[in-house]
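Here the structure is laid out as C-alpha cells; the discussion comes afterwards.
Chain identifiers are assigned alphabetically (A, B, ...) following the order of the sequence lines, protein sequences preceding nucleic acid strands; residue numbering begins at 1 within each chain. Hydrogens, waters and symmetry mates play no part in the numbers below; they use all other heavy atoms, side chains included.
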Amino acid sequence: MGKLLKEITPKSQDYSQWYTDVIKKADMVDYAPVKGFMVMKPYSYRMWEFIQAALDQKFRETGHQNAYFPLLIPEHLLIKEAEHVEGFSAEVAWVTMGGNEVLAERLAVRPTSETVVGAMYSQWIQSYRDLPVLINQWANVLRWEKSTRPFLRTTEFLWQEGHTVHRTAAEAEAETRQQLETYHEMMESLLAIPVVAGAKSAGERFAGAIETYTLEALMGDGKALQSATSHFLGQNFAKAFDIQYLDEDGTLKFGWTTSWGSSTRLIGALIMVHGDDKGLRIPPRVAPIQIVIVPIGRGNDREPITRYAKTLIGKLTASFRVKLDDRDEFTPGYKFNDWEMRGVPLRIEIGPRDLAQQQVMVARRDTGEKIAVGEESLRDVLAQLLDQVQDTLLQQARQYQYENTFAVENYHEMAHHNFRGFFMGDWCGQETCADQLKQETSVTIRCLPFDTELAGTGCIVCGRSGQHRALFARAY
RNA sequence: CGGGGAGUAGCGCAGCUUGGUAGCGCGCCUGCUUCGGGAGCAGGAGGUCGCAGGUUCAAAUCCUGUCUCUCCGACCA
C-alpha cells in the first residue's frame with residue numbers, strides 16, 4: 001500500500017496527474033514520437049474492440065452497413081459547405097507533396113468525412129428508391145489540436161462515423177435520435193457510465209448541423225465529457241454536395257442527411273468515471289481480463305496448486321476471460337496490487353488452505369470484498385459476481401452524478417461548488433449570456449436535456465424569463 | 001497558441017549554483033532462500049546526460065537554438 005502511493009498520485013491531490021499515472025501504470029498507452037499522438041497498447045485497444053463490437057452489432061440491427069472512405073480529401077471538396085469548413089479550418093492537416101512532386105491541389109487528412117461522403121452520395125443517389133442510405137465507417141481521423149491528452153484529445157483518434165441520407169426531414173430526425181439512443185444504451189450497459197442526453201445549444205453545435213444531440217457524462221473531478229454526438233444536418237450538406245433524388249411525384253428533391261460518431265475518448269471516460277486511487281476499475285463487460293487467478297504457495301505446495309489452477313482455467317475459459325498469473329518472480333502481494341492497478345474486476349486466490357478445503361478465495365475489485373467459494377458453485381458465483389461488479393460500478397457512478405448535480409437559480413451559486421459538477425438552470429436562450437458565463441467562469445452549456453421543464457426562476461445569467469432548461473458544467 | 005515545470009541507465013531522481021574520470025533507489029541478469037497484500041542476501045550488466053550549434057585545454061554543468069513531455073489558460077470529439 002505504501003509503495004502503491006508512490007506509483008499513482010491520489011485523485012484528491014492532483015486529478016490530472018492521477019489520470020496520467022493510471023493510463024501509464026495500467027499499461028494502456030505510450031506516447032508516440034510525434035507530439036499529440038499516442039500508442040494504444042493491447043490492454044486499452046481490447047477495450048476499444050469491445051466497444052466496437054457492441055456498437056457494430058447494434059448498427060447492423062438497425063439496418064446500417066459498414067463501408068470505408070478515403071483518408072485524404074481534396075481541398076475543393078472540404079470547402080464546399082461554408083460553416084463546416086470554417087468550423088474545422090483551424091485543425092486540418094494538409095498533404096502537399098506526393099513523393100518528390102508538389103501536388104496541384106493539396107489534400108486534407110480527414111478531420112471527419114461528411115464532405116467526401118457527401119461527394120460520393122451525390123453520385124450514388126438518383127431516386128427515392130435509393131433511400132435511405134445507411135452507412136457507417138470505422139476509421140481514424142486527424143485534428144490538429146493545440147493541447148492533447150491521451151484518449152481525451154489526441155491529434156489522431158479512432159472512431160466510427162455514421163452517414164445517412166433520408167427522403168424526409170422527419171425520417172432523418174428520427175435516425176439522429178435513434179443513434180443517440182444506441183450510444184446511450186451502450187454507455188450504460190457496457191461502460192456503466194450514466195449520461196445526460198440532450199440537444200446542443202446553437203453555439204455548441206457541430207459545424208454545419210441544424211441540430212446536434214449529445215451525451216454528457218460527469219467525470220470524477222466534476223467536469224463534463226461529451227461522449228457521443230448525433231447530428232441532424234438538414235439539407236445543408238445535400239445542397240452543398242448536390243445530393244438529390246427524383247421523388248415519386250417526379251420532382252427533384254434534396255435529401256436529408258445525418259451523421260453520428262463516438263470515439264476512443266470513451267475509454268478516457270471509463271477511466272475517469274470508475275478509477276480510484278488504486279488505479280483502474282474496468283466494468284466486466286469491457287474488461288480484457290475479467291478474472292485473474294493468483295496461485296499462492298511455494299515448495300511442496302506449489303506444484304499441486306499450479307496444477308489445480310490450470311484445470312480451473314480450463315473449466316472457466318469457456319465462460320469468462322480468465323488469466324493465470326503464474327509468474328515466478330513476483331509474490332502474491334505484488335500481483336494483487338498489480339492487477340488491481342489494471343482494474344481486473346475479479347481475482348481468484350488459490351493457496352494451500354483453499355486446496356485442502358476445496359475452495360478458492362474470490363476478491364472484488366470494486367468493493368475490495370473477499371469471499372470463499374466452493375469449487376462446485378464457482379462458475380455460477382463468478383458469473384453473478386461479474387454482473388454485480390458491472391451493476392455496482394453503474395450504481396456508484398449514478399450516485400456520484402446525482403450527488404454532484406445541482407439546481408441553480410443564478411450562476412453565482414455555482415461558486416459554492418467550486419464550479420464542479422452538473423448545474424441545472426434556466427437559460428434565456430441568448431448566446432451573449434452563454435458567452436458571459438464562459439468568460440467569467442469557464443462554465444459552458446453542455447446540453448438542453450430532453451424531458452425537462454423550466455424552473456421558472458429566470459435565466460441564471462441575466463434573470464430574464466427562461467427559454468430552456470439547460471445543463472451547465474465545465475467541460476473537457 | 002500564451003504562462004509555469006521537466007528532459008541524466010527500463011522507471012523515479014541526485015549531480016549543474018562554483019566546468020575537471022556519471023551517481024543513488026527501484027527494476028533487470030545470475031545464484032540461494034522466500035510466497036495468504038508490493039520478499040531477503042550475495043554477485044553482475046546497463047548511460048554518445050533529449051537534439052543541434054557555440055564558449056573553453058576541458059561541458060551533464062555556461063550560452064544560443066530546437067524538439068518532446070507535463071500542469072494551467074484560450075480553441076476543439
Side-chain angles (χ1 to χ4, degrees), chain A residues 1-9 14-21 24-25 30-38 87-92 111-112 140-161 183 200 203-207 212 214-217 224-231 259-269 278 294-302 305-306 325-341 347-355 360-361 363 368 370 372 438-439 442 444 474-476:
Chain A
M1 199 55 168
K3 283 195 183 177
L4 176 71
L5 295 178
K6 285 182 196 159
E7 299 204 34
I8 298 179
T9 306
D14 182 343
Y15 197 82
S16 293
Q17 191 60 47
W18 168 82
Y19 180 81
T20 306
D21 289 347
K24 289 288 285 181
K25 297 298 176 187
D30 205 351
Y31 292 99
V34 182
K35 179 189 173 109
F37 289 74
M38 68 169 176
F88 280 104
S89 64
E91 40 186 331
V92 173
T112 178
N140 57 340
V141 288
L142 212 67
R143 297 182 188 177
W144 217 258
E145 299 288 353
K146 292 180 178 164
S147 73
T148 56
R149 319 236 0 231
F151 297 115
L152 301 175
R153 173 162 295 106
T154 46
T155 303
E156 179 190 23
F157 58 93
L158 303 183
W159 75 346
Q160 57 69 218
E161 47 179 326
Y183 294 134
K200 282 290 185 190
E204 300 275 339
R205 260 176 221 143
F206 177 73
T212 289
T214 179
L215 300 178
E216 300 287 326
L225 185 77
Q226 177 176 309
S227 303
T229 49
S230 186
H231 315 291
S259 68
W260 24 276
S262 63
S263 72
T264 41
R265 170 181 264 195
L266 288 169
I267 295 171
K278 289 179 156 188
V294 178
I296 298 161
R298 265 283 166 173
N300 293 337
D301 293 332
R302 185 175 170 82
I305 287 172
T306 304
D325 185 357
D326 57 359
R327 289 178 294 178
D328 206 27
E329 64 272 29
F330 295 112
T331 59
Y334 178 93
K335 293 175 182 177
F336 296 169
N337 286 295
D338 196 39
W339 292 111
E340 282 168 3
M341 197 155 64
R347 178 181 69 241
I348 294 178
E349 305 169 14
I350 308 171
R353 295 204 294 272
D354 301 307
L355 208 57
V360 298
M361 297 300 297
K370 225 165 165 179
K438 183 174 181 179
Q439 200 67 38
S442 296
T444 53
R474 285 183 175 167
Y476 273 95

By the 4.0 Å heavy-atom rule, please label Lys438(A) as base, sugar-phosphate, or nothing. sugar-phosphate

Using a cut-off of 4.0 Å on non-hydrogen atoms, how would the nucleic acid contact of Glu145(A) be classed: base, sugar-phosphate, or nothing? base

Nucleotide opposite G12(B) in a Watson-Crick or G-U pair, distances under 3.5 Å: C24(B)

Which class fits the ring pair Phe330(A) and Tyr334(A): parallel under 30°, tilted 30 to 60°, perpendicular over 60°? parallel

Distance-only side-chain donor-acceptor flag, Glu145(A) / Thr154(A), under 3.5 Å: no

Checking base pairs now: Watson-Crick or wobble, both atom distances under 3.5 Å. What partners U68(B)? A6(B)

Select base, sugar-phosphate, or nothing to describe what Pro295(A) touches, counting heavy atoms under 4.0 Å on all strands. nothing

With a non-hydrogen cut-off below 4.0 angstrom, is Glu349(A) in contact with a base, only sugar-phosphate, or nothing? base

Could you identify the nucleotide paired to G19(B), looking across every strand shown and requiring Watson-Crick or G-U wobble geometry with both distances under 3.5 Å? none

Which is more 5' along RNA chain B, the nucleotide nearest Val360(A) or the one nearest Ala207(A)? Just name the residue. Val360(A)

What protein N or O atoms touch nucleotides 29-32 of chain B N or O atoms at under 3.5 angstrom, if any, and at what distances?
none

What contact category does Thr214(A) fall into here, base, sugar-phosphate, or nothing, at under 4.0 angstrom with non-hydrogen atoms? nothing

With a non-hydrogen cut-off below 4.0 angstrom, is Leu152(A) in contact with a base, only sugar-phosphate, or nothing? base

Of the listed nucleotides (A74(B), C11(B), A77(B)), which one gets closest to any side-chain atom of Ser442(A)? A74(B)

NA contact type, Gly261(A), heavy-atom cut-off 4.0 Å: base, sugar-phosphate, or nothing? nothing

Looking at Phe336(A), is Arg347(A) sitting on its ring face, NZ or CZ under 6.0 Å from the six-membered ring centre and within 45 degrees of the normal? yes

Tell me the interatomic distance from Gln439(A), atom CD, to C75(B), atom C1', rounded to whole angstroms. 13 Å

Any Ser263(A) side-chain N or O less than 4.0 Å from OP1/OP2 of A77(B): no

Base paired to C76(B) (Watson-Crick or G-U; both N/O distances under 3.5 angstrom): none

Describe the nucleic acid contact of Asp301(A) in one word from base, sugar-phosphate, nothing, applying a heavy-atom distance below 4.0 Å. nothing

Is the Phe206(A) ring parallel, tilted or perpendicular to the His231(A) ring (thresholds 30°, 60°)? parallel

For the side chain of Phe157(A), counting heavy atoms from C-beta on, which of G38(B), A77(B), G37(B) is nearest? A77(B)

Would you mind building the protein contact string for nucleotides 67-72 of chain B? One character per nucleotide, 5' to 3', B for base within reach (heavy atoms under 4.0 Å), S for sugar-phosphate only, - for untouched. -SSSSS

